[in-house]
Each structure stands twice: as structure tokens, then as C-alpha cells.
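Here's the structure, in C-alpha cells; my notes come after.
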Amino acid sequence: VARQPDGEVWPLSTPMSQLGSLGTGVGLYFYFVFYSGLALCFMSVLTLPVMISNFQGTLAFDPDEQIGFPQNVIVASSLGNRPMGQPLLLHSIMDFLCSLAFMAF
């Protein structure tokens, strides 16, 4: 177990700036995990309107399709639940913005 110079164990509330004393890779790893989490949260918020738009479809909850509980939630949030004849412009724009956010990361 890594310890501080005075022999105490590192607390869980240790700032990331102090983790560099454990080695360069440890600090860099935690910075990477932190910024990856921020990027994924941003992309999740960015695609939320698309998921709401997909939930407006009717295929997943149609009794004739006989889609059970775990699968109908997955189908309802996917592009396959879109009503016929609605444009996919919103999906294209959100995919492009998520790609830009990922490239900026």
C-alpha cells in the first residue's frame, strides 16, 4: 500500500495534484479518468434530446410485437422506434456534435 512520506496511508480525498508523488503515471491516469468522465457526461447530455425523440415512437410498446420488459426499453430508446416519415435531421446533428466533442477531448 502506498503511503505518504510521514507513513500515513493516503486518504480517499487526496487531490489529484498530489497523486504525482506516487509516480507520473498515477497522476496522469486519474486525470485521464476524470476528463473522460466529463466528456462522457457532456456527450450523454448532448444526446438526451435524441433519446426523448425516440421514446415518442410506438413500435417498442406495440402488443403485436411482443417485446418484453428489458428489450422494450432498449428498443424504445433506439432509432428503430422512430415513427415512419419523420426526418432524421436531429440524429444527424447530434451525432456530428458528439463526434466533435469526442475529437475535442
Side-chain angles (χ1 to χ4, degrees):
V1 175
R3 297 188 181 271
Q4 296 180 29
D6 61 357
E8 294 291 321
V9 178
W10 289 93
L12 292 176
S13 61
T14 303
M16 285 191 293
S17 60
Q18 292 182 356
L19 292 176
S21 63
L22 296 173
T24 306
V26 175
L28 289 175
Y29 171 74
F30 281 106
Y31 275 112
F32 173 74
V33 169
F34 176 74
Y35 286 114
S36 296
L38 287 180
L40 289 174
C41 285
F42 175 71
M43 287 187 273
S44 296
V45 168
L46 195 64
T47 58
L48 192 60
V50 174
M51 286 189 64
I52 292 171
S53 173
N54 287 340
F55 271 115
Q56 293 175 355
T58 58
L59 178 68
F61 302 107
D62 187 8
D64 295 335
E65 296 294 330
Q66 298 179 351
I67 301 174
F69 166 65
Q71 290 85 12
N72 68 355
V73 174
I74 295 169
V75 171
S77 64
S78 73
L79 193 58
N81 196 38
R82 298 279 301 170
M84 294 297 291
Q86 285 191 355
L88 296 177
L89 182 63
L90 179 65
H91 290 274
S92 304
I93 292 170
M94 290 302 163
D95 285 343
F96 179 71
L97 291 176
C98 282
S99 298
L100 285 179
F102 187 67
M103 301 229 352
F105 170 69

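The analysis underlying the following values was restricted to heavy atoms, covering all of them including side chains, and did not include hydrogens, waters or symmetry mates.
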Would you mind writing out the side-chain donor-acceptor pairs for residues 13-35 within the sub-3.5 Å range, not counting sequence neighbours?
from, atom 1, to, atom 2, distance (Å)
T14, OG1, P11, O, 2.6
S21, OG, Q18, O, 3.0

Sequence neighbours left out, cut at 3.5 Å: what donor-acceptor pairs do the side chains of residues 37-45 make with other protein atoms?
from, atom 1, to, atom 2, distance (Å)
S44, OG, L40, O, 2.9

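- Among all heavy-atom pairs drawn from V9 and Q4, the shortest one is O-NE2, 3.6 Å.
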